[in-house]
Engineer: 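Below you'll find the structure I mean.
This structure is a prediction, so every number in the text was calculated from the model and none was measured. We use all heavy atoms of the structure for the numbers below, so side chains are in, but hydrogens, waters and symmetry mates are not.
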Amino acid sequence: MKPQTKRARIGNFFKRKFNDYVDIDGSSNIPNIDIDGSPNNVDIDESPNIPSNPSIPNIIDDLNLPSDPFDRPPIASYHPNQIDEIRRHYLVKKAFQPRKHKFPSKIFSGQARRFVVGWFDTYPWLEYSIKADKAYCLYCYLFKETVGNQGGRDTFSCEGFCNWSKGVALRDHVGSINSSHNKAMQKCENLLKQERSIHVKLNVQTEEEKLANRLRLMGSVRSARYLLENGLPFRGHDESETSISKELFISTLKFLSDNNPEIGKHTLGKAKKNNKLTAPSIQKEIIDCFAKEVTKMICKEIKDDVFGLLIDESSDVSLKEQMAVVVRYVDKLGVVKESFIGIAHVKDTSSTTLKQAVVSLLADNQLSIDQVRGQVIVAVAKKHPGVQGFYEYLSMVVNTVSASCKRKDMLREARKERVEKEIFEGVIKTGKGLNQEVSLARAGDTRWGSHHGTITSLIKLFPEVVDVLHYVKEEGDSIQQRSNAKGILSYFKKLEFVFYAHLMEDVLSISNALSKHLQKKSQDLLEAANMINGTKGALNELRQKGFDEMLIKVTSFCQKYNITMLDMMASYGNPRNRKNVITNRHHFEVEIFNTVLDMQIQEMGNRFNEVTTTLIENMSGLNPCDWCSKFDTSKIVAFSEMYPNDFTTNERVCLLGELKVLHHSVKKDDRFANLDGICDLARLMVETGKNKSYPLVYRILKLALVLPVATATVERCFSKMKLIKTDLRNRMGDEFLNNALVCSIEREIFDKVTDDDVMARFQLIKCRRGHI
């Protein structure tokens with residue numbers, strides 16, 4: 001009888017063979033497919049890596065794929081194990097179609113032709129490159145065949161199409177039902193339908209298994225949701241089952257499993273070791289799905305409408321320069337919103353680098369730079385050398401005095417003794433709210449007026465600070481501390497220190513009211529314009545008349561604390577070392593006082609220049625008080641003329657008619673009686689449907705509302721960044737940081753994201769072995 005041979009299954013012919021990758025001694029290079037949270041393990045959805053081969057591209061760890069078709073490398077240049085993942089990424093993201101871009105014109109046969117926006121509606125596969133001014137086909141780029149040139153396939157996938165006079169070429173590219181384009185389109189559709197995948201056919205799962213996979217994924221998604229909305233860390237040092245130092249993701253999932261029996265039956269220890277959905281790579285994918293859904297909702301509200309940009313940069317705990325971008329727009333209900341859409345790491349803060357980063361970030365979210373109608377970009381202000389030195393010493397004082405609890409206690413006790421002595425001598429008065437405990441405030445990085453509090457507290461606590469510095473000079477723990485204290489005390493004896501301290505206190509006290517107003521989340525732009533003009537006027541008045549009063553305060557301070565006061569009419573410095581001998585008064589008044597104030601006034605003028613101020617002043621013509629009776633048509637028309645790309649000449653003529661009709665139509669409507677500002681007017685026009693009856697007036701309102709004045713929202717984003725990326729989490733990657741910030745900052749939109757949306761995106765971006 002012949003021995004019975006073992007019959008091979010059909011699935012064995014499709015499995016990848018690893019025999020060639022086994023060493024001579026029998027050890028294998030194939031990683032262990034096991035999930036226990038350690039970095040050496042591989043998740044179920046990650047296929048084993050092919051050993052290094054010069055002919056095979058390397059695997060990309062961070063899939064930072066370009067959005068502009070011109071910047072994309074050929075699809076075949078990626079690693080074979082990642083090509084399908086990259087294809088799904090682009091298909092889920094859909095074709096890059098900047099509908100609001102100003103398409104440039106080209107001359108064809110003596111006539112100017114440009115890209116037609118309507119082609120996007122006719123051909124959903126069509127993409128447009130802003131950098132190259134060319135059109136591409138998404139389907140053919142992803143599944144381009146290597147032979148033939150039928151239907152201009154190479155033109156639309158590699159070279160780019162730019163003959164705008166021949167729009168029929170787009171139809172010819174589609175071709176017949178068996179054309180290369182239609183075959184590529186069918187492959188794209190099949191790739192997104194995972195039920196047709198060969199992996200699914202070979203790994204048939206029952207309905208019970210699918211339900212188990214769904215509940216297991218739901219547990220991981222809900223655990224990630226809790227940690228994201230509270231800005232908490234995910235992983236710990238040891239995530240194994242026997243570890244007692246597991247971080248919050250596993251702990252949250254365990255708590256959820258204990259309190260939800262349905263989820264608990266299929267998670268953690270009750271799940272297969274290669275299908276727990278708790279690996280670090282799975283956590284990052286879930287976080288990315290949450291962030292993508294949040295930004296998708298924000299961009300869906302903007303669509304093709306105009307918006308403003310608020311941009312600022314700051315360094316994180318790893319000393320990386322991070323640029324945060326916030327969009328200001330009017331939603332479909334007529335409400336002004338400011339939403340954070342992302343953060344990008346930039347190598348420098350030059351205008352070119354910032355612009356490239358902004359354009360790339362907008363393109364990733366299907367937005368165009370041509371939709372921007374107002375932007376606030378914070379730049380580094382010029383500093384006077386003496387002021388810069390003063391702030392350096394100020395930082396040293398705070399770091400030295402506040403370095404230990406003992407020194408802080410010394411400062412408080414000395415302050416308490418001095419207050420008691422002055423109260424006994426009748427120097428200061430007593431009463432409710434007076435003589436409160438004061439500490440040496442530390443300046444913050446995200447608040448403009450924080451330096452004002454530091455300087456004010458230093459002036460109030462000057463004798464106590466000097467006592468602490470004398471203690472550090474004698475009893476410091478290191479030579480560096482004693483040397484720093486000695487240098488600060490030497491600087492305190494100079495008249496320049498006293499003068500700079502009182503000068504910066506006066507300058508910052510004037511701009512402090514404006515800073516606080518611009519820090520508000522909801523702003524009245526007209527009131528902001530008035531405060532800007534008032535701040536400029538106060539600074540100019542201080543420059544013209546404030547030096548004598550400043551000199552009196554400085555003299556009084558020096559006499560009180562035994563600081564040498566110079567004769568203002570004597571020569572400044574050593575006359576032998578100067579070509580033109582100047583007096584001390586000239587030095588302090590011209591070279592310091594006037595120069596610092598001129599720089600401050602110039603910085604105010606650069607930040608709020610004449611064009612910006614005129615723009616805001618013209619907005620005052622939109623005053624909706626008393627049934628819109630204060631509408632100033634001349635200012636409104638002048639405002640529209642500052643946007644030549646948004647209004648034609650005929651539309652400006654029609655705008656006057658709409659303003660008159662709107663004024664008469666709302667006279668008898670009590671809802672328009674007591675409106676506080678243009679924000680209320682825009683919202684009420686949407687509620688009453690007048691935004692459709694008077695589209696030009698509503699367009700004017702939106703252009704006025706998207707104008708940003710300050711970067712308060714961006715600064716709050718940096719405050720949140722410091723809570724998420726801490727010293728203990730300083731190795732956090734840029735992509736993870738961006739996703740965590742988007743979810744944590746946009747809590748209102750984040751709460752609207754459903755678990756089903758996240759799970760659907762999670763299943764779509766990769767071919768999963770676990771079906772739901």
Engineer: To check you understand the geometry: which heavy-atom pair defines the closest contact between I765 and C289, and what is its length?
Structural biologist: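 So the minimum-distance heavy-atom pair works out to CD1-SG, 4.1 Å.
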
Engineer: According to side-chain hydrogen bond (donor to acceptor under 3.5 Å, both in side chains), who are the partners of K720, at least two apart in sequence or on a separate chain?
Structural biologist: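 Scan of K720 (side-chain hydrogen bond (donor to acceptor under 3.5 Å, both in side chains), adjacent residues dropped) gives none.
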
Engineer: Can the positive tip of R72 be found less than 6.0 Å from the middle of the six-membered ring of F96, inside 45° of the ring normal?
Structural biologist: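 No, R72 and F96 do not form such a contact.
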
Engineer: Tell me whether the centres of the aromatic rings in Y141 and Y136 are closer together than 6.0 Å.
Structural biologist: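 Ring centroids of Y141 and Y136 are no less than 6.0 Å from each other.
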
Engineer: So which of V294, D364, L362, I745 actually passes side-chain contact (heavy atoms from CB on, under 4.5 Å) with I341?
Structural biologist: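 Answer after filtering V294, D364, L362, I745: L362.
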
Engineer: Work out which heavy atom in L91 is nearest to a heavy atom in L138; give both atom names and the distance.
Structural biologist: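 Shortest heavy-atom separation between L91 and L138 comes out as CD2-CD2, 4.4 Å.
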
Engineer: Compare all side-chain heavy atoms of D316 with those of M732 and state whether any distance is below 4.5 angstrom.
Structural biologist: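 No. Closest side-chain heavy atoms not under 4.5 Å.
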
Engineer: Taking the six-membered ring for Trp and the full ring for Phe, Tyr or His, determine whether the centres of F115 and F120 are under 6.0 Å apart.
Structural biologist: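 Yes, close enough.
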
Engineer: Is it true that R99 and D121 make a salt bridge, defined as a side-chain N closer than 4.0 Å to a carboxylate O?
Structural biologist: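 Yes, this pair counts.
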
Engineer: Do F762 and V221 have side-chain heavy atoms sitting under 4.5 Å apart?
Structural biologist: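 Not touching, per the 4.5 Å side-chain cut-off.
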
Engineer: Are any of the side-chain heavy atoms of R716 and E338 separated by less than 4.5 Å?
Structural biologist: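 They are not in side-chain contact.
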
Engineer: Are N738 and H345 packed together at the side-chain level, in the sense that at least one heavy-atom pair is separated by less than 4.5 angstrom?
Structural biologist: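 No, too far: nothing below the 4.5 Å cut-off.
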
Engineer: Between E746 and S339, is any pair of side-chain heavy atoms under 4.5 Å apart?
Structural biologist: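 Yes, side chains in contact.
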
Engineer: I want to check something: taking the side chain as every heavy atom from C-beta on, are S640 and R699 in contact at a cut-off of under 4.5 Å?
Structural biologist: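 No, their side chains stay 4.5 Å or more apart.
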
Engineer: Hey, can you tell me if F639 and Y643 have their rings parallel, tilted or perpendicular (30° and 60° cut-offs)?
Structural biologist: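 Judged by the thresholds at 30° and 60°, the geometry between F639 and Y643 is tilted.
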
Engineer: Below 4.0 angstrom, N of the basic side chain to O of the carboxylate: do D734 and K320 qualify?
Structural biologist: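 So D734 pairs with K320 through a salt bridge.
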
Engineer: Where is the tightest heavy-atom contact between K131 and D68, given as atom of each residue plus distance?
Structural biologist: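 Answer, listing the atom of K131 first, then D68: N-OD2, 3.5 Å.
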
Engineer: Y698 vs V686, test: side-chain contact (heavy atoms from CB on, under 4.5 Å). Steps then yes/no.
Structural biologist: CA-CA 9 Å; Y698 188 66; V686 174; 3.3 Å; yes

Engineer: Within a strict 4.5 Å, meaning less than it, do heavy atoms of the F234 and L228 side chains meet?
Structural biologist: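 Yes, close enough: below the 4.5 Å cut-off.
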
Engineer: I need the single residue from F161, Y128, Y123 that forms a ring-ring contact (aromatic ring centres under 6.0 Å, His included) with F156. Which is it?
Structural biologist: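 The residue from F161, Y128, Y123 that satisfies ring-ring contact (aromatic ring centres under 6.0 Å, His included) with F156 turns out to be F161.
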
Engineer: Sort out for me which residue in K702, E301, K303 forms a side chain to side chain donor-acceptor pair (under 3.5 Å) with Y329.
Structural biologist: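 Result: among K702, E301, K303, E301 is the only option passing the side chain to side chain donor-acceptor pair (under 3.5 Å) with Y329.
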
Engineer: Side-chain contact test, heavy atoms from C-beta onward, threshold under 4.5 Å: evaluate it for F290 versus N739 and give yes or no.
Structural biologist: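 Of all side-chain heavy-atom pairs linking N739 with F290, none is under 4.5 Å.
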
